[in-house]
Amino acid sequence: MTQISLAGVRVEFGATTLLRDVAFTIAEGERWGIIGRNGSGKTTLFRLITGDQRPSAGAVSRAGSLRLSLLDQHRDFGDAVTVWEAAAQPFASLIELEASLAEQANRLADMGAHPDPAALDRYGHDMERFGHDGGYDFHARVDAVLQGLGFDAEEAKVKRLSVLSGGERGRVGLAAQLVAPADVLLLDEPTNHLDLETTEWLQQYLRERRGTALIISHDRAFLDETVDHVLHVEGGTVTAYRGGYSAFVTQRAERRLALERQVDQQRKFIAKEEEFIRRNIAGQNTKQAQGRRKLLARLPRLTPPPGESEAMSFSLEVKERGGDRVVYCDKVDIAVEGRTLVKGFHATAMRGDVVAIVGPNGAGKSTLLRTILGEREPTAGECRLGGSISHAHFRQDLAQVPMGTTVYDVINDLRPLWTRGQIQGLLGAFGFSGDTVQRRTDVCSGGERSRLALAMITLARANLLVLDEPTNHLDVESIEAIEDALDGYEGTVLLVSHDRAFLRELSTRVWAFDGVRVEDFAGTFVEWEERQKLRAAEAATEASRAAVARREAEKKLALRSAQSQEKEHATRRDRKRAVEKAERGVAHAEARVEAARAELQDPALYDGSAAAARRAAELNRALKDAEAALDGAMHRWVETTAE
């Protein structure tokens with residue numbers, strides 16, 4: 001079933017046309033990745049779909065009662081105070097109804113045995129609505145998503161939103177969007193601020209989730225794992241492709257090649273026709289020439305594929321070679337405000353290494369970089385750079401980009417002897433052209449500041465590059481330009497990134513955080529991933545074995561318990577029977593004693609005859625035997641009841 005359809009859509013801002021001839025259809029359950037240059041119109045597409053923006057021309061259609069959940073890049077949590085409240089915002093009406101039900105229940109309890117029928121009716125109606133709308137499930141749903149995104153679900157109920165960092169607030173916003181009851185998820189850069197582990201969790205969540213998803217992302221590995229269609233925004237229009245990102249790359253190359261050939265063929269055809277018209281317009285074939293001219297005028301011209309003129313294109317050079325041992329860390333401990341981040345780290349980075357530094361958010365990756373560069377002292381051990389090593393640092397917060405100046409002046413201050421043409425030439429290689437070179441850095445976007453920081457790094461000509469999340473804020477084309485530049489770089493790179501495709505392409509070594517320990521893995525990021533998958537599989541197998549062993553142990557325990565209970569039941573039955581038998585023995589012995597005493601007390605027994613005397617003697621012996629038997633029976637009864 002079609003859920004969203006755009007046909008002939010055009011978007012204009014004044015005299016500027018941002019998008020034209022936009023047409024695509026999204027069916028229920030499909031997952032689309034939307035890619036393109038920064039500023040190409042990706043977010044505008046989301047605004048068109050949600051209805052927040054109307055097209056200048058064309059039509060945007062949505063299925064009736066379609067529920068949309070938009071994750072934009074600017075999070076607003078309203079009146080939420082705690083992390084959990086912010087994540088549960090989509091269920092605000094249910095939370096309010098839950099509180100109302102608690103108040104109603106208290107009032108009904110106060111009414112005693114004769115509650116108000118109207119109050120009872122309202123309570124029953126609200127309870128039914130609460131259950132129908134998912135009131136019994138949303139708490140667990142919010143907890144699970146928060147846990148998956150790296151929060152402690154219980155702590156989130158008391159942790160104040162105001163103490164969170166920007167990255168943590170981003171994850172809370174993502175949680176709120178993921179838990180929302182929606183038919184279509186609109187996710188704008190959802191992997192920003194996620195580490196490798198939470199990114200993989202999000203991949204799994206989206207794969208298992210029923211429903212449609214549209215995802216704007218520059219994370220190529222993430223798109224490969226999550227989407228089945230790609231919408232490429234390029235040259236002011238869009239092109240749809242089937243498959244993930246890798247399939248898109250192949251199909252786009254094939255499409256561009258085919259289009260280039262068609263354009264070339266048409267160009268040759270037009271040139272040939274124009275030559276015929278020129279030679280024959282005034283000759284004997286003038287009518288034929290005029291006819292061809294009319295046909296040529298009506299011929300639709302093919303548009304060449306958009307060029308890559310605005311994409312970054314640069315190289316990284318080194319001023320001097322430097323020593324072979326570039327970075328040396330020996331038994332390094334790092335602590336911040338009493339919290340140990342790194343313990344006993346020992347590693348060496350050699351010339352030409354590209355070291356991927358990976359670990360959870362907050363593990364201490366940026367702090368480790370600053371310690372290596374000497375910006376802070378380790379708690380123990382030592383970090384030092386090799387001989388003739390110069391470094392350039394791309395900071396995650398882009399603090400190296402001066403504020404209160406222009407893009408042009410940033411480069412001019414670093415190269416005061418350069419001509420205007422040289423400065424503009426460098427900035428052009430990083431996507432700055434025209435008036436953008438005079439833009440103030442205070443108002444530059446994150447992507448523009450990142451590109452400017454990269455331009456500054458090229459001027460350093462350092463033989464050690466320390467790059468802390470250099471792909472944040474950048475589009476796919478810019479990330480690929482960095483890959484190309486680093487591929488030809490002759491120095492050493494320490495690289496922190498959550499972009500797995502980027503790490504897979506470049507890394508030759510991995511420093512991986514595991515708690516306070518940092519492992520020095522002598523292999524590529526791809527090899528490290530394979531090792532981690534193997535470890536995870538082994539852990540899962542071991543966990544499965546442990547679970548099987550635990551179930552077997554529980555079965556044996558249950559069997560022993562059942563056998564023990566049966567034995568105990570049998571013992572109780574035997575004891576009961578023994579007591580009953582002992583009681584019957586006592587009763588029988590008492591009857592014999594009573595019978596013997598009764599006969600001995602009969603006056604007729606004492607008539608003075610010899611026979612009576614003999615009978616009395618027999619009865620006395622019988623009484624003594626009966627009393628002895630009674631004593632024995634009483635003893636057995638006492639022993640039996642005492643067990």
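Heavy-atom basis, side chains included; hydrogens, waters and symmetry copies ignored.
Counting only distance, with no hydrogens or angles, the side chain of D499 and the backbone of D219 share no donor-acceptor pair below 3.5 Å. Checked by atom type and distance alone, the side chain of Q53 never pairs as donor or acceptor with a backbone atom of L48 at under 3.5 Å. Of the possible polar contacts, none joining the D188 side chain to the I216 backbone as a donor-acceptor pair under 3.5 Å is found. A side-chain donor-acceptor contact under 3.5 Å links S69 to the backbone of Q177. Remark: side-chain polar atoms of N38 are paired, donor with acceptor, to backbone N or O of H473 under 3.5 angstrom. Listed for the Q266 side chain is a donor-acceptor partner under 3.5 Å among the backbone atoms of P300. Using a distance-only test at 3.5 Å, with no hydrogens or angles considered, no donor-acceptor pair links the side chain of R10 to the main chain of G58. Of the possible donor and acceptor atoms, one in the side chain of T524 sits under 3.5 Å from a partner among the backbone N and O of E527. Put simply, the side chain of R171 gets close to the backbone of L149: a donor and an acceptor are under 3.5 Å apart. In terms of modelled atom types and a separation under 3.5 Å, the side chain of S313 and the main chain of A429 share no donor-acceptor contact.
By the salt bridge (Lys or Arg N to Asp or Glu O under 4.0 Å) test, R504 is found to be paired with E529, residues two or more places apart in sequence or in another chain being considered. By the salt bridge (Lys or Arg N to Asp or Glu O under 4.0 Å) test, R351 pairs with no residue at all, sequence neighbours left out. Qualifying salt bridge (Lys or Arg N to Asp or Glu O under 4.0 Å) partners for R207, counting only residues two or more places apart in sequence or in other chains: E225. By the side chain to side chain donor-acceptor pair (under 3.5 Å) test, E208 pairs with Q204, sequence neighbours left out. Not a single side chain to side chain donor-acceptor pair (under 3.5 Å) links S5 to another residue, sequence neighbours left out. With sequence neighbours excluded, no residue satisfies side chain to side chain donor-acceptor pair (under 3.5 Å) with N361. Judged as a salt bridge (Lys or Arg N to Asp or Glu O under 4.0 Å), and not counting sequence neighbours, the contacts of R278 are E275. A search for side chain to side chain donor-acceptor pair (under 3.5 Å) contacts involving T17 returns nothing, not counting sequence neighbours.
For the atom pair N463 CG and E317 CD, the distance stands at 13.0 Å (nearest 0.5 Å). With values rounded to the nearest 0.5 angstrom, S445 atom OG is found 6.5 Å from R451 atom CZ. Within the model, atoms CD of Q265 and CD1 of I270 stand 12.0 Å from one another, a figure rounded to the nearest 0.5 Å.
Classification of the W32-F24 ring pair by plane angle, with boundaries at 30° and 60°, yields tilted.
A cation-pi geometry, defined here as NZ or CZ lying under 6.0 Å from the six-membered ring centre and within 45° of its normal, does not hold between R255 and F248. Figure legend: cation-pi geometry between R169 and F77 absent, as NZ or CZ is not positioned both under 6.0 Å from the six-membered ring centre and within 45° of its axis.
Of all heavy-atom pairs spanning P181 and F91, the tightest one is CD-CE2, 3.9 Å. When all heavy atoms of M456 and Q400 are compared, the pair lying nearest together is CE-O, 3.2 Å. Between L202 and P190, the shortest heavy-atom contact is CD2-CB, 4.0 Å. Residue V233 comes nearest to K42 through the heavy atom pair CG2-CG, 4.1 Å, listed as atom of the first residue, atom of the second, then distance. For the residue pair H498 and L196, the shortest heavy atom distance occurs at O-CD2, 3.7 Å. A176 approaches P90 most closely through the heavy-atom pair O-CG, 3.0 Å.
Counting only heavy atoms from C-beta outward, the side chains of L206 and V227 never approach each other to under 4.5 Å. Side-chain contact check for I482 versus M312: some heavy-atom pair is nearer than 4.5 Å.
A salt bridge links D264 to K268: at least one charged side-chain nitrogen sits closer than 4.0 Å to a carboxylate oxygen.
Screening residues 290-300 for side-chain hydrogen bond (donor to acceptor under 3.5 Å, both in side chains) gives E273-R292 as the qualifying pairs, with residues at least two apart or on separate chains. For residues 482-494, every residue pair satisfying the salt bridge (charged side-chain N to carboxylate O under 4.0 Å, His left out) rule, not counting sequence neighbours, is listed here: R220-E483. Pairs passing the ring-ring contact (aromatic ring centres under 6.0 Å, His included) check and including a residue from residues 205-224, sequence neighbours excluded, read W201-Y205. Screening residues 392-416 for salt bridge (charged side-chain N to carboxylate O under 4.0 Å, His left out) gives E375-R395 as the qualifying pairs, with residues at least two apart or on separate chains.
For the pairing with T212, the side chain to side chain donor-acceptor pair (under 3.5 Å) check across E28, E30, Q3, R31 returns one residue only, Q3.
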Test side chain to side chain donor-acceptor pair (under 3.5 Å) on T237 and D21 and set out the steps.
CA-CA 6 Å; T237 190; D21 301 326; 5.6 Å; no
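S246 and D224 form a side-chain donor-acceptor contact under 3.5 Å, judged by distance and modelled atom types alone.
Within 6.0 Å of CZ on R54 lie no more than 12 heavy atoms contributed by other residues, nucleotides or ligands. In R242, the CZ atom is not crowded: 12 or fewer heavy atoms of neighbouring residues, nucleotides or ligands sit closer than 6.0 Å.
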